Amino acid sequence: MIRLGTRRSALATVQATMVADWLRELGHEVELVPIVTTGDVNRAPVEQIGGTGIFVSALRDALLANEIDIAVHSLKDLPTQPLEGLAMGAIPVREDPRDVLVARDGLTLGELPTGALVGTGAARRVAQLDALGLGIECTGIRGNVDTRIGMVTEGKLDAVVLARAGLSRLGRLAEVTETLDPIQVLPAPGQGALGIECREGDTEVLAALAPLDDAATRAAVTAERQLLATLEAGCTAPVGALAEVVDGEDGPELWLRGALGQDDGVRRLSANGPVDDPVALGKALANELLERT
């Protein structure tokens, strides 16, 4: 029996159930074990209650205490520094990593009036939206998908910006009024991807997870997360990144775009490199962003 730890939120439960079903299809028995994290019970802004890791620390503690065998994380919530004793057993095929707008009256970002109130708690989104010069006003929000979209339907906000992947997994894409082009707003490093952690040396569990791993997704998110780590920034910092495996002249290559919010705007750069060395690509683009600040 594989004990799978999951947060209690609707999205976390859906994601954990997906992984459980994949493992069951491979012939494994799986039990879901609900875990409560700091991010689930504290409604304060993320940066005030610890930033990176508030949604995953309890799951990791349960892994190390041998209370569960695997933990399913939204990879964008996972700190970039590895935790001793744990291993990333699998990173499955990624969902669409882009951000989306859910706005009143079916409006798109460009159709929102000057002064429109847009809800997002991410400094990354705020920096990039401000840089577009659309005259909208961003305001911090917390809560699950129902809470956030409810603020639009109740008229408290004109729109909210959310991750497309979460709405897709919840079956709520019909509520999206626009999918944002990464040229406008780059997603969070690792957005749309799941990370399945287990204990180092747990050979049976590592073997069970191996078929779920997608090499292209792992390469892409490794580059994105290395960019974030090199910038020495947490998930609340104004950093956007998106990597993709593309066809190059000499075969597959990794293309990485990065955005770093600054007081005077947003720096955007891109670079490409070999698929088998995503860490070097992430470091190189991060250093170039720092040199341009």
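From a predicted model like this one, the values you see are computed outputs, not experimental measurements. All residue numbers in this chain count up from 1 along the given sequence.
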Value rounded to 0.5 Å, distance of [atom1] in [X] from [atom2] in [Y]:
X	Y	atom1	atom2	answer
Thr6	Leu11	OG1	CG	9.0 Å
Asp202	Ile2	CG	CD1	9.0 Å
Leu134	Leu129	CG	CG	7.5 Å

Taking only residues at least two apart or on different chains, which pairs with a member in [range] satisfy side chain to side chain donor-acceptor pair (under 3.5 Å)?
range	value
residues 82-93	none
residues 170-180	Asp146-Arg172, Arg164-Thr179, Arg172-Glu175
residues 127-139	Gln128-Arg268

Could you tell me which non-hydrogen atom of [X] sits nearest to which non-hydrogen atom of [Y], and how far apart they are?
X	Y	answer
Leu186	Ala241	CB-N, 4.1 Å
Ala229	Thr80	CB-OG1, 3.6 Å
Val221	Ala193	CG1-CB, 3.9 Å

Item to complete: Verify whether one side chain among Gln191 and Asp99 offers a donor that lies under 3.5 Å from an acceptor in the other.
Response: yes
Practice prompt. Ignoring hydrogens and angles, state whether a donor on the side chain of Gln226 or Thr230 is under 3.5 Å from an acceptor on the partner side chain.
Written response: yes
Report the residues that fulfil side-chain hydrogen bond (donor to acceptor under 3.5 Å, both in side chains) with [X], sequence neighbours left out, ordered by chain and then residue number.
X	result
Asp61	none
Arg225	none
Thr13	none
Gln15	Ser74, Arg169

Donor-acceptor pairs under 3.5 angstrom involving side-chain atoms of residues 243-256: please list them, not counting sequence neighbours.
residue, atom, partner, partner atom, Å
Glu244, OE1, Arg257, NH2, 3.4
Glu253, OE1, Asn272, ND2, 3.3
Glu253, OE2, Asn272, ND2, 3.3

Worksheet item: Same cluster for Leu109 and Val160 if Ile/Leu/Val/Met/Phe/Trp/Tyr side chains link at under 4.5 Å?
Response: no
Would you mind reporting whether [Y] and [X] have side-chain heavy atoms less than 4.5 Å apart?
X	Y	value
Val118	Arg125	no
Leu101	Glu111	no
Ile141	Leu157	yes
Val161	Val185	no
Leu231	Leu228	no
Leu242	Pro97	yes
Thr17	Val14	no
Ile149	Leu162	yes

Fill in: Any residue meeting salt bridge (charged side-chain N to carboxylate O under 4.0 Å, His left out) with Arg3, in chain and number order, not counting sequence neighbours
Asp69
Worksheet, complete the sentence: In short, salt bridge (charged side-chain N to carboxylate O under 4.0 Å, His left out) pairs touching residues 153-162 with sequence neighbours left out are Arg104-Asp158, Glu154-Lys156
Give the table of side-chain donor-acceptor pairs shorter than 3.5 Å for residues 210-217, with sequence neighbours excluded, one pair per line with atom names and distance.
residue, atom, partner, partner atom, Å
Asp213, OD1, Ile91, N, 2.8
Asp213, OD1, Arg218, NE, 3.0
Asp213, OD1, Arg218, NH2, 3.0
Asp213, OD2, Arg218, NE, 3.2
Asp214, OD2, Thr217, N, 2.9
Asp214, OD2, Thr217, OG1, 2.7
Thr217, OG1, Arg94, N, 3.3

Discussion item. Does Glu67 have more than 12 heavy atoms from other residues, nucleotides or ligands lying within 6.0 Å of its CD?
Written reply: yes
Listed pairs under 3.5 Å, donor-acceptor, residues 19-28 side chains, sequence neighbours left out:
residue, atom, partner, partner atom, Å
Asp21, OD1, Arg24, NH1, 3.3
Arg24, NH2, Val30, O, 2.9

